[in-house]
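Each remark here refers to the structure printed beneath this line.
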Amino acid sequence: MYFTDRGLEELAARRGEEQVTLAWLADQLQAFVDQNPDFEVPVERLATWLARGGTDDVEDD
């Protein structure tokens, strides 16, 4: 088990029944980075990964 699993389990337990928009999630991630600038790179990587559908591949337009 990774250390982050505990946080993810807490998230699911506390907020698992809620429905949110991606705009709300983006706002929450931005607020987190504003308060914790050391996490800017990992949050950016997560946001990019989510935006690309769970892959790091860049789609050519």
Side-chain angles (χ1 to χ4, degrees):
M1 174 183 276
Y2 292 104
F3 177 74
T4 54
D5 288 349
R6 284 186 268 167
L8 296 172
E9 288 172 358
E10 181 178 350
L11 174 62
R14 288 179 179 246
R15 316 274 312 248
E17 297 299 318
E18 294 180 31
Q19 292 188 4
V20 300
T21 66
L22 291 176
W24 178 88
L25 177 60
D27 288 343
Q28 297 302 306
L29 290 172
Q30 185 62 59
F32 177 81
V33 169
D34 289 347
Q35 293 177 13
N36 303 280
D38 290 345
F39 290 94
E40 181 178 4
V41 172
V43 170
E44 175 66 21
R45 289 184 65 193
L46 173 61
T48 301
W49 184 81
L50 290 170
R52 293 179 181 164
T55 179
D56 289 330
D57 294 338
V58 177
E59 292 183 19
D60 294 325
D61 293 327

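Residue Glu18 places its CD atom among more than 12 non-hydrogen atoms of other residues, nucleotides or ligands, all under 6.0 Å distant. Within 6.0 Å of CZ on Phe32 lie more than 12 heavy atoms contributed by other residues, nucleotides or ligands. Within a 6.0 Å sphere centred on CG of Leu22, other residues, nucleotides and ligands contribute 12 heavy atoms or fewer. The local environment of CD in Glu40 is sparse, with at most 12 non-hydrogen atoms from other residues, nucleotides or ligands closer than 6.0 Å.
Connection of Val20 to Leu29 is established within a shared hydrophobic cluster, with ILVMFWY side chains joined at heavy-atom distances below 4.5 Å, either directly or through further cluster members.
Atom CG of residue Leu50 and atom OG1 of residue Thr55 lie 12.0 Å apart, to the nearest 0.5 angstrom.
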